[in-house]
Structures are given as C-alpha cells and as structure tokens.
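A short write-up of the structure that comes next.
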Amino acid sequence: MLVRQDCLDYRDFVREHQSYVYPMLASHLSRIHRGRLKRVLDAGVGPGNLSVECVALLDVETVGIDVNPVMLELAAAHAAADPHAAGRVELVLADAHQLTFDDASFDAVVSYSCFHHWARPETALRELMRVLRPGGTLLVIDTDRDGRAAMSARTRRMEPRFARFVTEAFDESWTIAAVRDLAGRAALPGVSVTAFGFTEEDLVGALDRLVDVRFGSALDKGDDGPAVAWRLWGRKPS
C-alpha cells in the first residue's frame with residue numbers, strides 16, 4: 001500500500017500527465033452504456049478524478065472505493081473542490097475482493113489502472129459483476145504489459161517521482177491474452193477483452209471538461225500510436 005507521500009506524488013502525477021484521461025473515460029462509459037446511468041461504482045478511486053468526472057459529465061451518483069485511507073482523503077478533497085461534485089461523491093474504505101454492497105447495486109462499475117494491483121483479480125471481477133444491475137456495464141481498463149516499450153520514451157521525459165508510477169504499472173500489468181484467459185476462467189457473461197484507445201467520440205463527449213486540462217502522457221497511446229492498454233467490458237445479462 002502506498003504511504004502518504006507516495007499518494008501525494010501520485011495525485012500530482014495525475015494532475016501533470018493524466019488529467020484529460022478521466023473526462024474521456026467518463027465519456028467512454030456513457031457512450032458504451034445503454035440507457036440512463038444513475039449510480040456508478042468507481043473501483044479503485046485513488047485521488048478521485050474519475051468519480052468527479054462521472055458526476056460532472058454524466059450527472060450520476062458515484063461511489064468510490066479504495067483500500068488506502070490516504071487516497072480517500074485526497075478523493076474527498078478533490079470532490080469538495082469541484083463545484084459539480086461537491087457532496088455528490090460517496091467514498092468508502094473497501095476492498096474490491098470483498099465488497100459490502102448488495103447484489104445489483106449499480107448501473108455501471110468502472111475501474112481504471114487498478115487491475116494490476118489486485119491480488120486475486122478473478123475474485124475481484126466476480127465481485128464487481130455481482131454488484132452490477134442486470135443490463136449494467138462493467139468497464140475495466142489497465143496497461144498492457146506488451147506495450148511497455150511504446151511508453152519508454154515518454155517515461156524518460158518525466159520526473160523520476162512520476163515515471164515510477166508508469167514503470168511499476170507496466171511491470172505489474174498483464175497481457176491482453178492473459179486477461180482474456182482469466183476472464184474465461186471467471187466465467188463472466190457477455191464480457192470481452194480488447195486493446196484500448198480513446199476515440200474521437202470519447203474526446204467530443206468530454207470537451208466541456210477539457211477546456212482547462214493539461215494534456216500530458218496518457219497510458220492508452222505510445223509515441224508511435226499503438227494502444228498500450230486493454231479494455232475488459234460487457235453488459236450483465238438481464
């Protein structure tokens with residue numbers, strides 16, 4: 001678990017290099033989900049960026065979970081500082097492997113760059129699917145281990161305290177083939193695993209939140225353009 005200074009460094013890394021990723025993730029979730037989103041679970045909330053963007057862009061109730069209380073503190077401060085999200089993000093100290101929520105509690109469950117931290121990802125994925133309502137959307141995105149070389153030039157240009165988060169993510173990440181194999185073992189209905197990169201539609205849907213955002217190094221594209229992330233997603237059968 002990251003100590004306080006690590007958490008602060010990660011918050012600053014996101015601000016410097018990934019601020020635009022989260023509005024586009026919220027836009028992507030809205031685009032692939034069918035129907036009205038009312039309640040979203042952010043599994044691995046970190047400093048709160050994705051939860052805040054879901055509230056601001058999608059007008060939903062968001063619940064963010066994390067095993068690190070310092071991250072929850074940072075997420076609470078982030079939400080309180082955003083006029084769209086103040087008082088609209090619930091934060092819970094919880095483990096994705098053993099959620100306390102009732103079955104069918106959320107219209108969508110989303111997790112970004114957390115899969116590689118899970119000790120038992122098969123168990124965590126089953127739990128995320130359990131709390132999803134029938135017809136709801138499961139969206140999990142993380143780095144593709146095979147894409148490490150494509151990001152190496154960018155990490156060399158980062159401050160060491162920031163570059164380490166990218167390096168560690170790729171060191172701990174899974175290949176697309178390995179994630180597909182695990183999803184098959186978990187017997188998750190209606191789920192697919194593919195390479196991931198943002199689309200023009202994702203960008204257009206996020207424009208209202210991108211006006212003042214710094215564009216840095218994303219984890220979905222390397223310098224030469226290939227996707228360096230994977231997406232596991234699907235809809236829970238009705």
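All heavy atoms count here, side chains included; hydrogens, waters and symmetry mates do not. As the structure is a prediction and not an experimental result, all values here were calculated from the model.
- Partner D103 forms a salt bridge (Lys or Arg N to Asp or Glu O under 4.0 Å) with one of R133, K236, R130, R126 and no other, that one being R130.
- Side chain of R39 to backbone of F106: no donor-acceptor contact under 3.5 angstrom is found.
- Judged by distance alone, the side chain of S111 and the main-chain N or O of G44 form no donor-acceptor pair under 3.5 Å.
- Within 6.0 Å of CZ on R36 lie more than 12 heavy atoms contributed by other residues, nucleotides or ligands.
- With respect to E73 and R4, a salt bridge is recorded, a charged nitrogen being found less than 4.0 Å from a carboxylate O.
- The backbone N or O of S173 lies less than 3.5 Å from no partner atom in the side chain of T143, so there is not a single donor-acceptor pair.
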Please test V110 against L41 for side chain to side chain contact (heavy atoms under 4.5 Å, CB included), starting from the C-alpha separation and ending with a verdict.
CA-CA 6 Å; V110 59; L41 175 64; over 6 Å; no
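- Neither V60 nor V89 shares a network with the other; the hydrophobic side chains, linked directly or stepwise wherever heavy atoms of I, L, V, M, F, W or Y lie under 4.5 Å apart, form separate groups for each.
- The two residues W174 and A178 make their nearest non-hydrogen contact at CE3-CB, 3.7 Å.
- Ring orientation note: the planes of H17 and F162 are nearly perpendicular, at an angle over 60° on the 30°/60° scale.
- Counted by atom type alone, D9 and Q5 present one or more donor-acceptor pairs between their side chains at under 3.5 Å.
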Give the intermediate values and the outcome of ring-ring contact (aromatic ring centres under 6.0 Å, His included) for residues F115 and W230.
CA-CA 11 Å; F115 181 95; W230 51 259; 4.9 Å; yes
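- F101 and V40 are members of different hydrophobic clusters when ILVMFWY side chains are connected at heavy-atom separations under 4.5 Å.
- Cluster membership check: F165 shares its hydrophobic cluster with L25, using side-chain heavy-atom separations under 4.5 Å among Ile, Leu, Val, Met, Phe, Trp and Tyr.
- Salt-bridge check for R88 with E61: failed, with every basic side-chain N at 4.0 Å or more from each acidic carboxylate O.
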Let me see the working for D144 and R231 under salt bridge (Lys or Arg N to Asp or Glu O under 4.0 Å), right down to the final yes or no.
CA-CA 9 Å; D144 177 2; R231 178 187 71 170; over 6 Å; no
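- Salt bridge R31/E201: absent, no basic N to carboxylate O contact under 4.0 Å.
- A search for side chain to side chain donor-acceptor pair (under 3.5 Å) contacts involving D146 returns nothing, not counting sequence neighbours.
- A distance of 12.5 Å separates CG in L58 from NE2 in H84, rounded to the nearest 0.5 Å.
- The minimum heavy-atom distance between T155 and A163, with the atom names listed, is O-CB, 3.4 Å.
- R161 and D6 are not joined by a salt bridge, as no carboxylate oxygen comes within less than 4.0 angstrom of a charged side-chain nitrogen.
- Salt-bridge formation is not detected for the pair K38/D107: no Lys NZ or Arg NE/NH1/NH2 atom is positioned less than 4.0 Å from an Asp or Glu carboxylate oxygen.
- Counting heavy atoms from C-beta outward, L203 and S27 have side chains that stay 4.5 Å or more apart.
- Separation of atoms CG (D171) and CZ (R164) is listed at 12.5 Å; rounding is to 0.5 Å.
- In this structure, R148 is not positioned above the aromatic face of F170 in the sense of NZ or CZ being under 6.0 Å from the six-membered ring centre and within 45° of the axis.
- Counting all heavy atoms, side chain and backbone alike, E172 lies closest to R145 at N-NH1, 4.0 Å.
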Test side-chain hydrogen bond (donor to acceptor under 3.5 Å, both in side chains) on T199 and D202 and set out the steps.
CA-CA 5 Å; T199 66; D202 297 330; 3.2 Å; yes
